[in-house]
Amino acid sequence: MILSDIKQYLKDRRQASLNDLAVHFDTEPDAMRGMLDQWISKGRVMKSELQTTCGRGCSACTCSESLEIYEWRV
């Protein structure tokens, strides 16, 4: 896999989660982050984080995790 493949994937979809990218390119999320960092440093990709919860709605637990979203910048 090369950076141009990631570029094309994100351009086609406009945005994707880290998990989607890792599954599509059959790589570990940490390895994918390293490749995405190359595009981020060039100003071509923007990273966003969404907070998710367990869905119980009680807000008493700490069952939240971050969902990383990457977006290709035009």
Side-chain angles (χ1 to χ4, degrees):
M1 166 184 35
I2 53 178
L3 291 173
S4 62
D5 295 329
I6 296 170
K7 173 185 176 179
Q8 194 58 53
Y9 185 85
L10 285 174
K11 283 180 83 173
D12 290 346
R13 288 157 184 78
R14 299 185 68 189
Q15 68 179 17
S17 71
L18 177 63
N19 187 55
D20 289 342
L21 288 157
V23 168
H24 179 80
F25 290 106
D26 191 29
T27 189
E28 293 295 318
D30 285 338
M32 182 58 63
R33 277 188 196 101
M35 291 178 267
L36 289 163
D37 283 345
Q38 295 292 316
W39 285 118
I40 291 170
S41 70
K42 294 177 185 219
R44 303 307 296 166
V45 169
M46 182 176 70
K47 175 184 172 184
S48 303
E49 291 192 36
L50 301 175
Q51 293 297 319
T52 60
T53 60
C54 67
R56 294 184 187 172
C58 66
S59 68
C61 67
T62 57
C63 298
S64 65
E65 70 179 53
S66 177
L67 177 64
E68 294 177 43
I69 303 293
Y70 293 88
E71 181 178 350
W72 185 259
R73 300 184 78 179
V74 182

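Position 1 is the first residue of the sequence; numbering continues from there. Predicted model, so just to flag it, every value in this text is computed and none were measured.
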Give me each pair satisfying side-chain hydrogen bond (donor to acceptor under 3.5 Å, both in side chains) with a member in residues 31-43, each pair once, sequence neighbours excluded.
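Passing the test, one end in residues 31-43: D30-R33, R33-E68.
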Applying salt bridge (Lys or Arg N to Asp or Glu O under 4.0 Å) to K11 and not counting sequence neighbours gives none
Rounded to the nearest 0.5 angstrom, the CE-CG distance for M46 and L10 is 11.5 Å
Apply side-chain hydrogen bond (donor to acceptor under 3.5 Å, both in side chains) to [X] and list each qualifying residue two or more places apart in sequence or on a separate chain.
{"X": "D20", "result": "S17"}
{"X": "D26", "result": "none"}
{"X": "R73", "result": "none"}
{"X": "Q8", "result": "D12"}

Exercise: identify the closest heavy-atom pair between [X] and [Y]:
{"X": "M35", "Y": "L3", "result": "O-CD2, 3.5 Å"}
{"X": "I40", "Y": "K47", "result": "CD1-CB, 4.2 Å"}
{"X": "L21", "Y": "A16", "result": "CG-CB, 4.0 Å"}

Measuring only between side-chain heavy atoms, which start at C-beta, is I6 closer than 4.5 Å to M32?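 Touching, per the 4.5 Å side-chain cut-off.
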